[in-house]
Amino acid sequence: MTESLEDRLKKLIVETLVLEDVEPSSIETEAPLFGEGLGLDSIDALELALAIHSEFGVRTREDDERNREYYYSVKSLAEFIRREQEKATVEGS
Amino acid sequence: MTGGAREETTWLNKRERGTLLGIRFAFALATVFGRTATKPFVAVVALWYRLFDRRAVRASREFLRRVRGREPGFLEVYRHVRTFAQVTLDRIFLLRGRTGPFVFTRTGDEHLRRVVDEGRGAILLGAHVGSYEAMRAGGAADDVPIHVLGYFENARMINALFERLSPERAAHVIHLGRDPVSVMARVKARLDEGELVALLGDRVGLNDRAVRARFLGGEASFAGGPFLLAAVLGRPVFLVFGVYRPPNRYELRCEPFAERVVLPRASRDEALREIVQRYADRVAEVARDAPENWFNFFDFWSEP
């Protein structure tokens with residue numbers, strides 16, 4: 001069985017941000033990443049956006065007002081990535 | 001992530017309303033009679049703060065004591081506060097592009113020029129020492145926008161005024177704090193365009209990653225964020241200072257600090273401490289050289 005996008009994201013978060021003592025599987029899919037929850041900060045946001053770009057080819061735009069929604073949780077982030085990837089496929093074909 | 005920023009309530013922020021009125025008055029004065037006419041006003045304002053703002057006075061005394069190695073006198077503290085008032089007022093002139101009353105001397109322009117010509121983008125790191133505005137107004141890189149990154153929430157009214165004075169500059173301010181993802185995407189995009197991003201490293205703000213460093217015989221908190229930012233984005237860091245020399249001169253300095261900030265994973269904290277210490281040492285040198293330009297009027301050496 002192939003790994004779900006959500007699980008890949010959790011792994012990516014832990015690896016990119018060097019979260020010691022955090023098991024990828026312990027990150028809740030719907031829990032907030034910033035503020036309460038995992039408590040990521042602005043540097044984490046930057047590293048995560050870069051990692052998502054290199055891993056999934058999805059770019060985070062500076063002027064997208066919905067960035068906050070996209071990056072709310074693993075779940076919303078996965079939806080964002082799927083949508084962007086679909087868009088890229090449609091445009092590419 | 002706004003914790004650090006909220007604690008840094010300077011007297012400027014706290015007395016914003018009064019200060020705002022004062023600034024408007026001084027600016028009206030300056031518009032009609034010129035900068036020199038505002039000097040008595042600046043002197044009176046500074047005297048008022050010297051007499052009644054115990055927090056600012058305490059902070060000034062502590063700083064001057066460390067720099068001079070003795071207890072500072074009444075006049076020394078007064079002159080320190082007056083320098084701050086003068087530089088704050090000068091900001092308005094500079095924001096309006098009125099550089100006429102000032103003499104600028106520049107050192108290190110060539111470093112910035114080189115980075116700009118190569119289109120590499122760079123991080124300009126300053127401190128609350130002297131005038132940050134002067135650096136921009138002095139025209140170190142006229143053709144390339146400098147984006148100022150920082151917390152401007154707790155001085156909302158003053159910044160609203162400044163924005164009105166210089167809408168063009170307001171467009172180049174990146175407000176931290178609301179949406180870290182968009183803020184960082186914007187920082188990256190601007191640097192990718194070969195533009196410059198400026199921020200201050202002597203207060204904790206970018207995030208809560210404060211780093212303790214030795215500073216003027218004690219230990220103080222500095223921001224780790226700017227160096228992490230430079231490391232993650234692989235951009236060079238330059239130190240910038242706009243030191244005020246009475247009566248009307250601003251010494252603009254740009255110094256290469258790190259061509260590349262490398263923070264190896266295994267020893268990230270250690271490497272970060274080292275580079276922050278190097279920054280703190282340089283800020284201490286500049287502050288010793290021009291003590292009245294030190295504009296952190298709060299307990300800088302407080303425990304985290």
Side-chain angles (χ1 to χ4, degrees), chain A residues 9 11-22 24 27 31-84 87, chain B residues 1-5 121 123 145 147 149-151 171-172 174-193 195 197 199 201 204-211 223-235 261 263-272:
Chain A
L9 266 174
K11 236 183 242 173
L12 186 72
I13 289 170
V14 170
E15 275 167 27
T16 307
L17 308 179
V18 200
L19 301 177
E20 284 156 20
D21 320 320
V22 177
I27 298 176
L33 295 170
F34 295 88
E36 82 274 37
L38 210 51
L40 305 186
D41 65 17
S42 51
I43 297 290
D44 294 321
L46 175 63
E47 294 198 86
L48 192 54
L50 292 174
I52 285 171
H53 183 228
S54 62
E55 183 82 11
F56 303 104
V58 170
R59 198 179 284 278
T60 304
R61 279 177 291 271
E62 61 170 313
D63 48 5
D64 196 326
E65 281 168 14
R66 295 181 60 199
N67 278 334
R68 253 182 128 141
E69 287 169 43
Y70 302 151
Y71 279 76
Y72 180 75
S73 64
V74 169
K75 184 173 179 236
S76 61
L77 207 42
E79 282 163 9
F80 165 62
I81 292 168
R82 277 196 197 100
R83 203 167 41 239
E84 289 294 306
K87 233 192 274 173
Chain B
M1 58 174 278
T2 48
I123 290 169
H147 304 271
L149 176 64
Y151 275 103
H172 291 154
I174 304 177
H175 294 269
L176 266 172
R178 264 173 248 158
D179 173 2
V181 177
S182 298
V183 164
M184 286 300 142
R186 191 164 160 206
V187 167
K188 182 179 183 301
R190 298 302 98 220
L191 289 167
D192 286 348
E193 290 293 313
E195 297 174 5
V197 172
L199 65 173
V204 180
L206 183 56
N207 51 35
D208 288 334
R209 302 192 199 186
V211 179
F227 305 99
L228 289 160
L229 187 70
V232 172
L233 292 175
R235 305 290 171 175
V261 178
L263 303 173
R265 280 201 162 199
S267 55
R268 195 165 172 165
D269 290 353
E270 184 57 37
L272 187 60

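Per chain, numbering begins at 1; letters A, B, ... match sequence-line order.
- Atom CG of residue Leu50(A) and atom CE of residue Met184(B) lie 11.0 Å apart, to the nearest 0.5 angstrom.
- Within residues 72-81 of chain A, no residue has any heavy atom less than 4.5 Å from a heavy atom of chain B.
- When all heavy atoms are compared, the tightest approach of Glu62(A) to Arg186(B) is OE1-CG, 3.0 Å.
- For Val211(B), the side-chain contact (heavy atoms from CB on, under 4.5 Å) partners at least two apart in sequence or on another chain are Leu272(B), Arg273(B), Val276(B).
- Neither the backbone nor the side chain of Leu48(A) comes within contact range of chain B; no heavy atoms are under 4.5 Å apart.
- Closest non-hydrogen pair, Ala185(B) versus Thr60(A), comes out as CB-O, 3.9 Å.
- Atom CZ of Arg59(A) has 12 or fewer neighbouring heavy atoms from other residues, nucleotides or ligands inside a 6.0 Å radius.
- One distance of note links CD1 of Ile43(A) with CZ of Arg209(B); it measures 6.0 Å at 0.5 Å rounding.
- Taken from CG in Leu233(B) to CG in Leu46(A), the straight-line distance is 4.5 Å, to the nearest 0.5 Å.
- With sequence neighbours left out, the side-chain contact (heavy atoms from CB on, under 4.5 Å) criterion links Val22(A) to Val14(A), Leu19(A), Ser26(A), Ile27(A).
- Listed by first and then second residue, the salt bridge (Lys or Arg N to Asp or Glu O under 4.0 Å) pairs that reach into residues 46-58 of chain A are Arg8(A)-Glu55(A), Glu47(A)-Arg268(B), sequence neighbours excluded.
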